[in-house]
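Basis for what follows: all heavy atoms, side chains included, without hydrogens, waters or symmetry-related copies.
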Amino acid sequence: MLRRESFDEIDQRLAAVGAKVLTLNLTRDAIAARAVDGRRDTGFYEYISRFAGTDAGIVQHLQREQAAIGERAEHWSALPHTAQSGELPVTYLANVARSLMT
């Protein structure tokens, strides 16, 4: 877990260079499809299984991580933050990302 002091230091450095944050939020079903079903028999699946022994536990763990990342981006960070549904078309999300670069 990243300590708040470390987060603040990194966040200040990123703010100094004009960085922005884009978070993608996934539903429980999308997390299950992408992170569990889509990555079974991979190193990622083996790694994430250490944090939760079952597929349902993996999904719950990743949901908590997703919420924590959004919370930090929204309340801790000085960087501009945009949240989008990760289930939107990739071309739309790419355009959102490009718009943040200007």
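- Scanning all heavy atoms of the two residues, the minimum distance from Ala35 to Leu62 falls at CB-CD1, 3.4 Å.
- Residues Arg3 and Ser6 have side chains in contact (heavy-atom distance under 4.5 Å, counting atoms from C-beta outward).
- For the atom pair CG of Asp55 and CG of Asp37, the computed distance is 7.0 Å after rounding to the nearest 0.5 Å.
- Scanning both residues, Ala56 and Arg28, for their nearest heavy atoms gives CB-NH2, 4.4 Å.
- Here the closest non-hydrogen pair linking Val36 and Ile58 is CG2-CG2, 3.7 Å.
- In this structure, the side chain of Glu87 engages the main chain of Thr27 through a donor-acceptor pair within 3.5 Å.
- Using modelled atom types and a 3.5 Å distance limit, the side chains of Asn25 and Ser85 yield no donor-acceptor pair.
- Panel note: side chain Asp11, backbone Ala78; a donor-acceptor pair is recorded below 3.5 Å.
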Subject >> Criterion side chain to side chain contact (heavy atoms under 4.5 Å, CB included) on Arg39 and Thr42, from CA distance to verdict >> reply: CA-CA 6 Å; Arg39 294 193 178 184; Thr42 67; 3.6 Å; yes

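- In terms of heavy atoms, Leu93 sits closest to Gln84 at CD2-CB, 3.8 Å.
- Nearest heavy-atom pair across Arg34 and Gly86 is NH2-O, 3.3 Å.
- Distance check: Ile31 CD1 to Gln60 CD gives 10.5 Å after rounding to the nearest 0.5 Å.
- Aromatic ring pairs are classed by plane angle as parallel below 30°, tilted from 30° to 60° and perpendicular above 60°; the pair His61 and Phe51 is parallel.
- One hydrophobic cluster holds both Tyr45 and Tyr47 under the rule that ILVMFWY side chains link at heavy-atom gaps under 4.5 Å.
- Counted within 6.0 Å of CZ on Arg4, heavy atoms from surrounding residues, nucleotides or ligands total more than 12; the atom is thus considered enclosed.
- Residues Ile69 and Ile10 do not share a hydrophobic cluster, clusters being chains of Ile/Leu/Val/Met/Phe/Trp/Tyr side chains in contact below 4.5 Å.
- Between the Lys20 side chain and the Pro80 main chain, no donor and acceptor come within less than 3.5 Å of each other.
- Leu14 and Leu22 fall into different hydrophobic clusters, where Ile, Leu, Val, Met, Phe, Trp and Tyr are joined by side-chain heavy atoms under 4.5 Å apart, directly or via other members.
- Atom OG of Ser77 sits about 12.5 Å away from atom CD of Glu71, to the nearest 0.5 Å.
- In terms of heavy atoms, Val21 sits closest to Ala73 at CG1-CB, 4.1 Å.
- Within 6.0 Å of the CZ atom in Phe44, the count of heavy atoms belonging to other residues, nucleotides or ligands exceeds 12.
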**OP:** Kindly determine whether Gln66 and Leu24 satisfy side chain to side chain contact (heavy atoms under 4.5 Å, CB included), including the steps that lead there.
**Re:** CA-CA 9 Å; Gln66 176 177 265; Leu24 302 178; over 6 Å; no

